[in-house]
Amino acid sequence: MPTLREQLREAVAEARRSATAAGALDLPADLPSVSIERPARSEHGDFATNAAMQLAPLARMAPLRIAEALTSHLQLPDGVAAAEIAPPGFINFRLNSAWVAGQVETLLAEGARFGRAPVPDPQRINVEFVSANPTGPLTIGNARGAFVGDVLCRVLEAVGHAVTREYYFNDYNEQIRNLGLSLLAIRRAEPIPDDGYHGEYVNELVAQVPEELWPRAEAPDADPGEVLGRWASERVRAGIEASLARLGVRFDVWTSEGAIHAAGWVERGIARLREAGFIYEEGGAVWFRSTAFGDDKDRVVIRSNGRPTYFAADIGYVAEKFSRGFDELIYVWGEDHHGTVARNRAAAIALGFDADQVRWPLIAWVRFIRDGVEIPMSKRSGEFITLDELLDEIGTDGARWYFSSRAYTTGIDLDMTLAASQSNENPVYYVQYAHARCASILRTAAERSIAADAADTRSLLVHPAEQALVRHLLTLPDVVADAASRRETHDIPRFCHEAAHLFSQFYRDCRVLSDDVALSRARLALVDATRLVLANALDLMGIGAPDTM
RNA sequence: GCGCCGGUAGCUCAGUGGAUAGAGCGUCGGCCUCCGGAGCCGAAGGUCGCAGGUUCGAAUCCUGUCCGGCGCGCCA
């Protein structure tokens, strides 16, 4: 069953057609899509459309007259009581209060499925995120991408897409070797090499190296950077996985750059580009003609020393991903990688994939501030705050809410001092508190042997606070559908906060458990529905919905 | 120099060409016989960086400009 908003969209589109057929409007066949929005002010109704104003230049008529023509040909969906015309040409829709109240029963029947609005064309989507190199623990710099990627996955799954969560890590370059050589230097009490790694975590790694590994690393024909680096990166990767588990972030697939090379994807990818005519040689290097697709300059894929570039692996990787049958690839990257998007898009297109099959949401920078000063962040120098430390200070739910509430394109300043001192003021607790209070009311009702009953809500839930709450709860499927469609999820916490707020007002104005048994049972049904909706919405953000706090 | 992303209330941020630009935090003032006060109600606080343009209508789109972040490698 489409949501009411979708039914209204279709009803207005149909009204355009029938008004045109009846000669009331003179419209071309190709029309803009109908926009249905929720007015900010309640006197403008529950939904509104600007269709008449949109059509004015096409029909060469005054918007108000178009609105009249549309409304007179409009078949209102079940649940909509009235369509009213308002200057300069809005059509405002007002819901039927009894229908609204009756939706409590429908909502409860959907249970955990409520809010998960299925798309008509589910896709197989690969979402790659975090992908931090295994040369050190996850830092608070990785936190935002982890949360944004995870919530995006949850929302895409909620509308029926099949999502694969993927972590790509680089084990093919000098960084791993440098990490290994840093361990060796510390072991021998020598200075750490110029490109080496510093910091407490490196010392801890040295202490954890199995004794039998040292002779193997230091044998005359051994490559100590390789031996120790391989061990250390595996160790670090396990730690990363543990940190992610603490966040509640899991991955389905861990792909290493080395594996992409080993399986021949890089060679085959370049060969495909060569066949397509986008590869040439110059100065002893092999180049990809990415400028053919709008990149600033062409890019080297094989250096003159014969070694492939990092970008060459990206080419192989995109081909490898699509070979697994995905309809869409999403790369959740930090915005510092924006310079590499153009060449990757170019490669995907040159390999024969559609530009809209691949997206790169670039997560804007987070500046972490402490006592008014930006905290420097460098894994190599050992100056950083780990993700685990962040969670100790502001809590996993607090962090999830914080990063989920902001558009990923916006740079944010996170004051650690403020965040820690204000962690109890985090809106997430307000929402969780509302959920706990719902649960508490339901417990009290159970003690008094009063059961929720949604059968008669149509006639009983008439109070403005009840009506406002239900109307808001019913919008969750639209919120989720929009978030999934836009691949932007930050409206969901807003929905939660508003739901909790409307519930608080309802709680203030409407005594749930009273001598009026029928009304008590109907209001309990609304409390149960609120609890359910809050739990479902919080779950989309990976945030728990506690019954007590 | 070129490119990408930002600039909205004291602070942190929403705002998908629509109606009187919103929320949280902070500040000030009210509200507890009764289902959870981690709450509720109210107030103060805005030239939407600036200047043009498009439009019936611009925080939103276009052009220019200023400020901030990031990126411009045969590094990753």
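Predicted, not measured: the structure shown is a model, and the values here were computed from it. A note on names: the letters A, B, ... follow the listed sequences, proteins ahead of strands, and every chain is numbered from 1.
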Check whether any side-chain nitrogen or oxygen of His501(A) sits under 4.0 Å from OP1 or OP2 of A23(B), and answer yes or no. no
Verify stack between His44(A) ring and A19(B) base, 5.5 Å, 30 degrees: yes
If you measure from the P atom in G45(B) to the same atom in A9(B), how many Å do you get, rounded? 14 Å
NZ or CZ of Arg299(A) within 45° of Trp287(A) ring axis and under 6.0 Å: no
Does a side-chain N or O from Arg508(A) land closer than 4.0 Å to OP1 or OP2 of C41(B), or not? yes
Grab the CZ-P distance between Arg448(A) and C35(B) for me, whole Å please. 8 Å
At 4.0 Å (heavy atoms only), tell me whether Cys438(A) reaches a base, stays on the sugar-phosphate, or touches nothing. nothing
State whether the distance check finds a donor on one side and an acceptor on the other, under 3.5 Å, for side chain His338(A) versus base C70(B). yes
Phosphate oxygens OP1/OP2 of C41(B): is one of them under 4.0 Å from a side-chain N or O of Gln505(A)? yes
Taking G22(B) as the reference, what is the distance to C62(B) when you measure between their C1' atoms (whole Å, please)? 27 Å
Centroid-centroid under 6.0 Å between Tyr167(A) and Phe129(A) rings: no
Please check the phosphate of G73(B) (OP1 and OP2 only) for any side-chain N or O of Lys297(A) closer than 4.0 Å. yes
Indicate whether Tyr433(A) forms a stack on G39(B); treat it as stacked only if centroid distance is below 5.5 angstrom and interplanar angle below 30 degrees. no
Throw together a table of side-chain donor-acceptor distances under 3.5 angstrom for residues 516-528 of chain A, partners on residues two or more places apart or in other chains.
residue	atom	partner	partner atom	Å
Asp516(A)	OD1	Ala518(A)	N	3.4
Asp516(A)	OD1	Leu519(A)	N	3.1
Ser520(A)	OG	Val512(A)	O	3.2
Ser520(A)	OG	Ser514(A)	N	3.0
Ser520(A)	OG	Ser514(A)	O	3.2
Ser520(A)	OG	Ser514(A)	OG	3.4
Ser520(A)	OG	Asp516(A)	O	2.9
Arg523(A)	NE	Glu466(A)	OE2	2.5
Arg523(A)	NH1	Arg511(A)	O	2.8
Arg523(A)	NH2	Glu466(A)	OE2	3.2
Asp528(A)	OD1	Arg531(A)	NE	3.1
Asp528(A)	OD1	Arg531(A)	NH2	3.2

Pair of N/O donor and acceptor under 3.5 Å linking G24(B) base with His497(A) side chain: no
What contact category does Ser504(A) fall into here, base, sugar-phosphate, or nothing, at under 4.0 angstrom with non-hydrogen atoms? sugar-phosphate
Please give the distance between the P atoms of G15(B) and C2(B) as a whole number of Å. 30 Å
Closer than 4.0 angstrom, basic N to acidic O: yes or no for Lys321(A) and Glu128(A)? yes
Roughly how many Å is it from CD in Glu37(A) to P in G18(B), rounded to a whole number? 6 Å
Charged N to carboxylate O under 4.0 angstrom, Arg65(A) versus Glu68(A)? no
For a quick check of understanding: with a heavy-atom distance under 4.0 Å over all strands, which category does Asp171(A) fall into, base, sugar-phosphate or nothing? nothing
Contact class for Glu43(A) (heavy atom, under 4.0 Å): base, sugar-phosphate, or nothing? base
Strand-adjacent residues in residues 51-68 of chain A, judged by heavy atoms under 4.0 Å from RNA chain B: Met53(A)
In C32(B), glycosidic geometry as syn within 90° of 0 or anti otherwise: syn
Counting any heavy atom closer than 4.0 Å, what does Phe311(A) reach on the DNA or RNA strands: base, sugar-phosphate only, or nothing? nothing
Walk me through whether Phe495(A) and His472(A) qualify under ring pair (Phe, Tyr, Trp, His ring centres under 6.0 Å). CA-CA 8 Å; Phe495(A) 169 89; His472(A) 181 69; 4.4 Å; yes
Strictly by ring-ring contact (aromatic ring centres under 6.0 Å, His included), give each pair with a member in residues 418-440 of chain A just once, sequence neighbours left out. Tyr430(A)-His497(A)
Is it possible for you to check whether Arg144(A) lies under 6.0 Å from the centre of the six-membered ring of Tyr408(A), through NZ or CZ, and within 45° of that ring's axis? no
Classify Asp413(A) by what it touches in the nucleic acid, base, sugar-phosphate, or nothing, heavy-atom distance under 4.0 Å. sugar-phosphate
Once you apply a heavy-atom cut-off of 4.0 Å, does Ala48(A) come out as touching a base, just sugar-phosphate, or nothing? base
Check this for me, if you would: do Arg177(A) and Asp195(A) make a salt bridge, where the nitrogen-to-carboxylate-oxygen distance has to be below 4.0 angstrom? no
Using a heavy-atom cut-off of 4.0 Å across all strands, would you classify Gly283(A) as base, sugar-phosphate, or nothing? base
Please state whether the phosphate of G37(B), meaning OP1 or OP2, lies under 4.0 angstrom from any side-chain nitrogen or oxygen of Arg437(A). yes
Any-strand Watson-Crick or G-U partner of G22(B), both distances under 3.5 Å: C13(B)
Considering every strand and a 4.0 Å limit on heavy-atom distances, what is the contact class for Thr340(A): base, sugar-phosphate, or nothing? base
Assign Asn133(A) to base, sugar-phosphate, or nothing according to its heavy-atom contacts below 4.0 angstrom with the strands shown. sugar-phosphate
Please state the C1' separation for the pair G17(B) and C13(B) - nearest whole angstrom. 22 Å
Is the distance from OP1 or OP2 of A23(B) to the nearest side-chain N or O of Tyr430(A) less than 4.0 Å? no
Sugar-phosphate only, base, or nothing, as touched by Ala285(A) at under 4.0 Å among non-hydrogen atoms: base
